[in-house]
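Only this structure's heavy atoms are used, side chains among them; waters, hydrogens and symmetry mates stay out.
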Amino acid sequence: MIGFTVLENDDPALAWSPLLRGFQKTFAYLEAHGAIGLTASKGFKRNFVHWAAAEFNWPGHTEQDLFAVNNVLNEQDFMPLVDIHFLLITLKMGRHYKGQFKLTKAGSELVAQPGRLFGIIAPFYLFEVDHRNWGRFPDEPLLGNWNIF
């Protein structure tokens, strides 16, 4: 497997990751509020989605862009938040508990360690997550076909 450089917690390169920034903002919200409310279908409640749209500063998904299309935002309307929720659950950094989303012990340990957190989420997101869900073509790319690169 490819060996990745472990980044220090104060590495300036970490500021350029919208995914890491989204994780950190979510952690800050959880620290301030204790939990994130969940809908009946286990999605984040609208009050958190509206807060996230304003705070995340995600390129191409600004608050103005999102509210230009919808009057209210559900989790599915803010696709980066869907990915963050999926990663938190899959990597066992958070869990659903009695209608709320809370951090696990493993997630709580990573709150103050952005370098280590990035070293966990980036390789998983790049190499383990099936990104075809957001693509136009449902078929797998043909291996050995250089057109995919």
Next item on the list: Describe, in one word, how the ring planes of Trp51 and Tyr29 are oriented to each other, choosing from parallel (under 30°), tilted (30 to 60°) and perpendicular (over 60°).
Entry: tilted
Does Gln76 offer a backbone N or O that forms a donor-acceptor pair with the side chain of Asn74 under 3.5 Å? no
Per side-chain contact (heavy atoms from CB on, under 4.5 Å), Phe23 is matched among Leu110, Ile120, Leu88 by Leu88
**Q.** Main-chain N/O of His96 paired with Gln100 side-chain donor or acceptor, under 3.5 Å
**A.** no
*Donor + acceptor pair across side chains of Asn57, Arg21 (<3.5 Å)*: no
Practice task
Quick one: sort the Phe127 and Phe4 rings into parallel, tilted or perpendicular, breaks at 30° and 60°.
Solution key: tilted
How about Thr62 and Phe56: do any of their side-chain heavy atoms sit closer than 4.5 Å? no
Interatomic distance, NZ@Lys45 vs OG1@Thr39, rounded to 0.5 Å, equals 8.0 Å
Within-4.5 Å side-chain heavy-atom neighbours: Leu87 and Met93: no
Check your understanding: If Ile, Leu, Val, Met, Phe, Trp and Tyr residues are connected whenever their side-chain heavy atoms lie under 4.5 Å apart, and connections chain through other members, are Phe86 and Leu91 in the same group?
Key -> yes
Q: In sequence, state the C-alpha distance, the side-chain angles, and the governing distance for Asp77 and Phe67, and then conclude on side-chain contact (heavy atoms from CB on, under 4.5 Å).
A: CA-CA 10 Å; Asp77 300 324; Phe67 281 110; over 6 Å; no
Output for pair (Lys102 NZ, Arg95 CZ), nearest 0.5 Å, gives 8.0 Å
Where does the angle between the aromatic ring planes of Phe101 and Phe44 fall among parallel (under 30°), tilted (30 to 60°) and perpendicular (over 60°)?
-> perpendicular
CG of Leu38 to NZ of Lys98, rounded to nearest 0.5 Å, is 14.0 Å
_Between Tyr97 and Phe27, is there shared hydrophobic-cluster membership here, with clusters defined by ILVMFWY side-chain heavy atoms closer than 4.5 Å?_
no
- Message: What verdict does the side-chain contact (heavy atoms from CB on, under 4.5 Å) test give for Phe78 and Asn70, after you've listed the backbone C-alpha separation in whole Å, the side-chain angles of each residue and the deciding distance to 0.1 Å?
- Response: CA-CA 11 Å; Phe78 187 23; Asn70 300 313; over 6 Å; no
Is there a donor-acceptor contact under 3.5 Å from the side chain of Thr104 to the main chain of Lys92? yes
Using ring centroids (six-membered ring only for Trp), state whether Phe48 and His33 fall under 6.0 Å. no
The residue among Thr26, Val111, Leu103 that forms side-chain contact (heavy atoms from CB on, under 4.5 Å) with Glu31 is Val111
When rounded to the nearest 0.5 Å, the distance separating CD of Gln24 from CG of Leu14 is 7.5 Å
When rounded to the nearest 0.5 Å, the distance separating NZ of Lys25 from CG of Leu30 is 14.0 Å
Rounding to 0.5 Å, atoms CG (Leu73) and CZ (Arg46) come to a distance of 9.0 Å
